[in-house]
Amino acid sequence: TVGLYELLKMKKVSLFSAPGILGVLTVFTLLMPMEWEKAVQNTIGYSKFELLFIAVILLLVYSVVVKNRFTFDDAAFVVLGSLYVGVGFHYLIVTREAGLAFIIFALLVIWVTDSGAYFTGRKFGKNKLWPEISPNKTIEGCVGGIVLAVIAAIIMHFIAPFEGKSIGLLVIVTIVASVFGQIGDLVESAIKRHYGVKDSGNILPGHGGILDRFDSLLFVLPL
């Protein structure tokens with residue numbers, strides 16, 4: 001809910017407006033664990049996808065009711081924002097149910113990638129990765145973050161092995177997770193730059209908002 005609030009605030013849509021409430025309900029719908037989803041569908045006869053489409057219809061109806069003060073673009077923003085937050089955090093639940101080790105692994109990869117990219121970039125960085133979006137990130141930092149994440153994942157595997165998983169598979173998954181974690185960070189930077197905000201929020205002193213801290217995780221966990 002806080003993550004969606006931070007997104008809506010960038011677009012100047014109130015969480016306590018009709019679109020904001022529909023967005024929250026959509027996020028809650030998308031968050032539902034699998035067994036809840038089955039129970040809800042058996043009770044009311046609608047799937048998660050159908051409930052999402054009902055939210056889309058209601059948002060479009062609202063744009064007509066308010067005579068386009070809330071536009072099609074605004075409705076699309078609420079829907080996409082709800083999908084981005086709702087599906088990402090849904091997979092936090094799914095990953096936790098798969099086992100605590102997978103959550104620790106995801107966090108380890110993201111944190112080591114971030115730290116490794118920062119220090120490697122500071123030491124060796126010369127070529128900008130994407131200056132229009134994040135001027136401080138470098139290609140050398142990106143590669144350094146991936147390499148250090150792979151080393152950290154292998155160390156974790158030796159301390160607490162993933163049963164039935166080979167080192168080769170672990171390395172591949174770590175590389176993919178590290179790359180997508182960095183893409184998730186760039187996506188959040190692009191959104192903030194577009195809407196002219198420095199941080200998504202200030203709920204975490206010194207770290208910004210929920211989306212500032214979970215942007216990489218929202219991309220990595222569904223993978």
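We count residues from 1, following the sequence as given. Small disclaimer: the values here were computed from a predicted structure and weren't measured.
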Would [X] end up clustered with [Y] when hydrophobic side chains under 4.5 Å apart are linked, directly or stepwise?
X: Leu31; Y: Phe49; value: no
X: Leu221; Y: Met34; value: no
X: Val94; Y: Met32; value: yes
X: Ile21; Y: Tyr62; value: no

Do the charged groups of Asp185 and Lys137 touch, with an N to O distance under 4.0 Å? yes

Verify whether one side chain among Asn68 and Thr71 offers a donor that lies under 3.5 Å from an acceptor in the other. no

When you look at NZ of Lys9, are more than 12 heavy atoms from neighbouring residues, nucleotides or ligands closer to it than 6.0 Å? no

Does the plane of the ring in Phe162 sit parallel, tilted or perpendicular to the ring in His157? Use 30° and 60° as the thresholds. parallel

Just do the side chain to side chain donor-acceptor pair (under 3.5 Å) check on Asn127 and Thr138 with the steps written out, would you? CA-CA 5 Å; Asn127 301 291; Thr138 63; over 6 Å; no

Could you please spell out the steps behind the ring pair (Phe, Tyr, Trp, His ring centres under 6.0 Å) verdict for Phe77 and Tyr195? CA-CA 12 Å; Phe77 182 90; Tyr195 289 103; 5.6 Å; yes

How many angstroms lie between atom CZ of Phe89 and atom CD1 of Ile210, to the nearest 0.5 angstrom? 6.5 Å

How about Tyr5 and Phe16: are their ring centres within less than 6.0 Å of each other? no

